[in-house]
Structure formats: C-alpha cells, structure tokens
*Asks:* 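Below you will find the structure I want to go over with you.
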Amino acid sequence: MENSRQRRGSNHNGKMQKGAFYLPPEILCEILSRLPVKYILRCRSVCKEWCHLTLGPQFINLQLSRVNHQLPQLILKSDHKVDLQSLLLLDTEGCNINKIPFKKMSCTSKRLNCLRLMCSCDGLLCIAADYLIQPVIILNPITRESVILPSPKRRAYVVSHQIGFHLDPSSGKYKVVREYRNMNSLNRDEGSSFEIITIGDSSWRKLSAPPVPIDYGLGAAVYWNGAFHWKIQERNDKSGDNCILGFNVSDEKFYTISCHVRFGSSEYDLLVLGGCLSLVEHDVHLMRIWKVTGTKDEGYSLSFHCTYDTCVRWNKYLHYSVICQTNADSFLLKVSREDGENGPNHWFVQFFPGKALYSYLNIPGLPSRFRGVYFKPSFVSPKAALPCYS
Amino acid sequence: MSNTSENPNPSSSSAKMTLKTSDNELFEVEEAVAMKFCTVKQYFEDEKDSDVAARGSTTVIPLPNVHSAVLTMLISYGKKLPQSNAVADNHEEEETKKKERKKYEQGLLKNLMPGELLDLISAANYLDFKEGLEFFNQALADHIQNKSVEYVRKFFGIKNDYEPHEEEKYREEYAWAFEGIECWLIGELKQFMAKTKTLDIAGTLLGIKPALIVASFSVRGLNSLDSNILKPEMIAPGENILAAWINAIGPTGLDSNT
C-alpha cells in the first residue's frame with residue numbers, strides 16, 4: 001500500500017503534508033451518522049465544516065432514521081431535588097452511561113428540577129409536572145433546545161396526568177395528547193379531561209372522550225400502532241368489558257379495546273412488548289401477560305398470552321414495573337422498595353423467567369429514586385415546528 | 001465470452017471482465033462480482049448497447065481513480081458477499097456462510113491500517129459499490145468512535161479552524177460528551193467485568209412445593225458471625241460434593257481438572 005499513501009500526500013505519522021483527504025459530504029454524513037450521539041458532538045469541534053454538516057437537515061434526518069432502527073436507550077431523571085442536576089442516559093444493558101447536566105439547558109434549571117420525564121419521541125423529551133397541568137416542555141437534551149407549550153391562564157391541580165407525545169405520520173407534525181383529572185372534580189364524578197395540541201399551535205384543544213373512567217397514573221400514555229393508550233378503571237366502568245382506551249393520532253378518534261376478564265385491583269403495566277401492546281398483570285407472585293390482537297378495521301381485543309412465576313411475593317413495600325423485554329427470555333424491571341420516611345428506592349434488575357433468575361444491574365451513579373423513559377438520542381429540534389421557523 | 005453461443009447465460013461463473021486500474025494493472029474479475037460495482041455495471045451496459053458482439057474479455061474497463069492494491073481488497077470483499085444469482089441455501093447453510101463472512105470481515109479489519117480505510121471508502125464510492133461502502137463506512141465510524149478530537153483531525157488531515165476560545169467554550173458547554181476513557185483496554189475491562197456476577201436478595205419464596213430439604217449433616221444456622229442472621233447465606237443442591245483439595249494432588253490424578 002506504499003503507492004496509495006504517497007498518492008494521498010500525507011503520512012500516518014501525523015505530519016500533515018499537502019492537503020486533507022477529500023471525502024464528499026454525503027460520505028462524511030454517512031460515516032458520522034453511524035456514531036453514537038456523544039461522539040457526533042465531539043466531532044462538531046473538529047472543524048467548522050464538520051459542524052455545519054452535522055447541523056444540516058440532511059444529516060439530522062439520516063441520524064434519526066439510523067437511531068430509530070437501533071435498540072432504544074433509557075434516560076433517567078432523579079426524583080430528589082438535590083440529587084444530580086442532570087439526566088442520566090444509559091443503554092438497556094447498562095454498559096454506557098452518560099450524565100447530561102441540565103444547568104446549561106435553555107429553560108432555567110430551577111424549573112426543570114421540579115418537573116418529571118413523561119415520554120419521548122424522536123429524541124425529544126416531554127417534561128411536565130405530576131400534579132399541575134402547566135408547564136409542559138418539549139426538550140432535546142442533546143442539543144439543549146426546548147419549547148414551552150402554551151398554558152391555560154389558571155393554575156389547575158390534578159391527581160392524574162398522563163401524556164402522550166408522538167409524530168403524527170399523516171401531517172408530519174408532533175402532537176401532544178394528555179389526560180388529566182382535576183382535583184376538584186373528584187366529588188362531582190366527572191371523568192378525565194383530554195386535550196390535544198400540535199407543536200406550533202397557540203392553544204390546546206379539548207377532546208370529547210367516551211365516558212369511561214381512566215385509571216389514575218402519572219407518566220406516559222403508551223404509543224402503539226399510531227395511537228395513544230390509557231388503561232380504563234374497571235371498578236367504575238359501567239359499560240362492561242372495556243379495558244383500554246385508545247386515541248388515534250392521525251384521525252383524532254377514540255376507540256376502546258375490550259377484554260373478557262376483570263383484572264380487579266391488581267397492579268399492572270401497560271407497554272409494548274415484542275411489537276404488541278401488552279398488559280402485564282402483577283398478581284402477587286405471578287406475572288401474567290395479555291396481548292392485544294386484532295386489526296384496526298375489525299377491532300382489537302385483549303387476550304391471554306402467558307404467565308411467569310416471578311418467585312417473589314411482591315407487596316406494597318416491594319413492587320416492580322416492567323420496563324421492556326430485552327430479548328426473548330429476559331425482562332428489564334424497575335424494582336421499588338419503600339424505605340420508610342426516605343421514600344421509595346429504585347433500581348434495575350434483569351429477570352429471566354425461564355431460569356427464575358434475577359440479575360442486579362450495577363449502574364454507577366444511579367440515583368436512588370428516579371423515573372425513566374425510553375429514549376433515542378437525536379438532533380431533532382423542537383423549534384423546527386414553530387411557525388416563526390422557516 | 002467472444003463466442004456467445006458457448007455461454008448463453010451471461011451470469012454464469014465463467015464469464016469474466018477485465019478492469020484496468022490507475023497504475024495500469026489488469027484484473028480479471030468474475031462478472032457476478034464485477035456487477036456489484038455499479039459504475040462498472042453501468043459502463044458494461046452502455047458498451048453492450050453500442051456493440052453486441054464484443055463482450056467480456058475483449059472489453060477492458062478503465063478505472064483511473066482506483067489503485068490496484070485497493071481494487072484487490074474490494075474484489076476479495078465482493079467475492080465473499082452472497083451472490084445474487086446463487087441457488088437459495090437452506091437455513092443452516094446460510095447461517096454457516098454468515099458466520100464465515102463475519103470471521104472474514106473481522107480478519108480483514110484486523111489487518112487493515114486505518115489510513116487504508118479512507119482509500120477503500122473513496123474507491124468504493126467511485127465504483128458505487130454499495131455493500132462495500134456500507135461495510136467500510138461502519139468500520140471507519142467504529143474506528144474513530146472513542147478517539148480524541150486531535151486524533152480525528154490528524155487522521156483526516158484537517159486543520160482546526162476554530163479560535164482557541166471558541167473551542168474552549170464549546171468543550172465547556174458539552175463537557176459530558178468529552179468525558180470517557182479513550183483506551184482500547186476498556187473493551188477488555190468490560191469483558192472481564194461481565195464475567196463477575198453479584199448476588200442480591202430476590203425476596204423470600206413462599207408456597208414453593210415441594211419445599212427444599214437440607215441434608216442432615218448441613219448447617220442450618222445461626223450464622224457464626226452475626227447471630228441476627230438466622231439462615232445460611234447460600235445453599236446449593238447436592239451431596240458428596242468435593243469442594244476443594246490441595247494443589248499437590250488432584251482428585252482424578254490428572255494434570256488438570258475442572
């Protein structure tokens with residue numbers, strides 16, 4: 001390869017001779033978009049040309065499409081006000097950990113401290129308060145750009161706040177849908193309120209949902225197959241079988257998914273497992289998985305899939321929630337243990353139902369109490385959707 | 001082939017094409033492989049349109065931007081790819097072929113100097129060799145991944161056009177992106193750490209039938225160090241287990257035991 005080195009005009013001992021090696025921008029884009037986000041940030045400081053290249057829309061879209069095909073990472077925010085002042089980004093095996101401080105974010109860190117992670121889409125995080133309906137912020141923690149969604153004039157305290165945030169494929173815009181229950185409405189037997197906003201709009205629009213009671217929750221509405229989903233509170237549901245309420249993002253219509261078994265008051269997780277919307281029922285030591293089957297046209301229904309014995313008798317002091325199914329034979333769980341006055345302690349374990357085995361994930365720097373969401377880091381800008389942006 | 005009646009099937013393995021590199025070396029390449037270089041394919045198809053009789057070995061396709069050493073590598077990579085006209089293998093054969101290819105790819109990357117990657121990418125781009133480009137782009141991305149900014153600049157021969165204070169400001173703002181040990185050892189460390197496991201209390205099992213029975217000669221508790229601990233820390237099944245012996249004599253009399 002001697003000849004080719006001479007032809008290039010620079011030698012590998014680091015002494016630069018003639019010119020830089022020329023790579024066309026498309027190839028450079030291709031190469032850089034394969035790097036993890038942390039290294040792309042580093043590469044921006046190599047030279048101004050590279051910085052320009054990675055700021056362009058072609059690169060942002062290429063990187064986004066690549067990251068959408070990879071396994072998602074988890075981003076965590078500590079629940080302690082004082083603890084960390086940063087978001088923790090980790091991949092689901094817990095091998096690579098990055099601490100992203102939010103003191104440099106464009107919203108004030110004081111605000112961000114009290115808010116919780118709700119959900120994410122395309123590298124954008126939706127952050128809101130658990131018990132207040134404002135503010136709701138859309139933030140990209142990598143580029144640190146954020147947009148504060150418009151708030152109603154009066155402060156409203158809520159007991160349930162479940163937000164869904166996703167790209168509407170038919171319009172190409174990001175929509176935020178939320179369910180909440182006013183604190184004052186408990187006595188009056190009022191149902192949940194639903195609101196929707198497209199990023200760039202100046203106000204939220206009220207939605208009229210079917211009169212089914214939604215189970216209390218704080219966090220994300222589960223996105224699956226073009227729609228957001230919330231669990232229906234069966235105890236109070238008068239119309240019978242309904243189990244899950246769905247809302248299609250594109251045509252903005254509600255629908256319900258029925259199930260022929262009552263779950264009663266056991267704990268559950270509503271999430272997507274293996275591409276299917278699933279309900280994981282926690283029944284003392286058993287983990288029962290129900291999956292949604294059917295099609296949009298013929299209707300969906302929930303049917304039993306399988307049961308696993310967790311070999312642990314869970315209770316109100318020690319409980320878990322399923323984060324995801326890391327592969328065919330293991331689940332990632334977040335375990336929560338009540339610690340008296342200090343509140344709950346959280347940590348991650350991997351559960352292998354086939355071998356009745358638990359593997360504790362030792363993640364340095366993990367806060368003792370946190371909430372996490374699935375996250376695919378990207379450089380998408382929340383501001384790009386605003387009307388003033390050309 | 002000059003005699004078209006002998007080889008009516010244009011994609012049979014004996015059909016060859018000649019490629020000429022920038023240093024005037026001639027390469028005879030099987031048509032199936034050469035067709036993966038879309039630039040060559042385009043040239044060949046243009047030629048075919050203009051002159052039906054002269055095909056294959058009589059046409060020499062010039063590649064003025066590709067050096068012979070680079071072309072050798074690209075051809076050998078192209079040969080290892082699944083041929084588009086190959087007979088469909090059953091699942092097992094496919095799996096073995098995949099494994100072979102992975103091994104070959106790893107071997108190829110080990111022997112490659114990083115600087116050669118740039119030449120390969122440039123040539124693959126010129127030849128429009130999609131699979132090669134994909135593979136070498138990924139290899140280059142993997143190589144520059146955890147390297148310092150200075151290394152990346154040297155590697156590509158790029159001059160830093162930032163002012164020192166600009167660069168300093170950027171590094172301070174995105175300090176988290178610049179953290180991390182840039183050492184090849186970290187890969188080895190991770191492998192090592194993965195082999196150690198931690199035990200943690202999963203909880204107390206209740207209602208498991210049949211209940212575990214402890215052998216009559218085994219200790220049940222109290223723990224000798226801390227009498228608050230009523231049960232032994234760990235129990236494993238089995239009796240007549242030979243747990244340890246002095247180094248001098250093993251239980252089987254062999255040189256090594258597991």
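Quantities reported herein were computed from a predicted structural model and do not represent experimental measurements. Only heavy atoms go into these numbers, but all of them, side chains included; no hydrogens, no water, no symmetry mates.
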*Asks:* Within the 4.5 Å heavy-atom criterion, are A:C47 and B:R153 side-chain neighbours or not?
*Replies:* no
*Asks:* Going by heavy atoms in the side chains, are A:C51 and B:Y162 under 4.5 Å from each other?
*Replies:* yes
*Asks:* Find the one option among A:H285, A:E49, A:R44, A:E26 whose heavy-atom pairs under 4.5 Å with chain B are most numerous.
*Replies:* A:R44
*Asks:* When rounded to the nearest 0.5 angstrom, what distance separates CZ in B:F136 from CD1 in A:I27?
*Replies:* 13.0 Å
*Asks:* Counting only heavy atoms from other residues, nucleotides and ligands, does the tally under 6.0 Å from CD of B:Q145 exceed 12?
*Replies:* yes
*Asks:* Salt bridge or not for A:R34 and B:E134, using N-O below 4.0 Å?
*Replies:* yes
*Asks:* On a heavy-atom basis, which atom in B:D161 and which in A:K48 lie closest, and how many Å separate them?
*Replies:* OD1-N, 2.9 Å
*Asks:* Heavy atoms only: give me the nearest A:R42-B:K147 pair and the separation to one decimal.
*Replies:* NH1-O, 3.5 Å
*Asks:* Distance from A:L28 atom CG to B:I121 atom CD1, nearest 0.5 Å?
*Replies:* 9.5 Å
*Asks:* For residues A:S45 and B:F178, report the shortest heavy-atom separation together with the two atoms involved.
*Replies:* OG-CZ, 3.7 Å
*Asks:* Identify the two heavy atoms, one from A:L41 and one from B:Y170, that lie closest to each other, and give their separation to 0.1 Å.
*Replies:* O-OH, 2.8 Å
*Asks:* Would you say that B:I158 contacts A:W50 through its side chain, given a criterion of any heavy-atom pair below 4.5 Å between the two side chains?
*Replies:* yes
*Asks:* From B:L133 CG over to A:I31 CD1, what is the distance, rounded to the nearest 0.5 angstrom?
*Replies:* 8.0 Å
*Asks:* Tell me whether the count of non-hydrogen atoms from other residues, nucleotides or ligands lying under 6.0 Å of CD in B:E95 goes above 12.
*Replies:* yes
*Asks:* Check this for me: B:Y104, atom OH, are more than 12 non-hydrogen atoms of other residues, nucleotides or ligands nearer than 6.0 Å?
*Replies:* yes
*Asks:* Can you tell me which portion of A:L23 sits under 4.5 Å from chain B's heavy atoms? Options are side chain, backbone, both or neither.
*Replies:* side chain
*Asks:* For B:Y174 and A:I142, which heavy atoms make the closest approach, and how far apart are they?
*Replies:* CE2-O, 3.4 Å
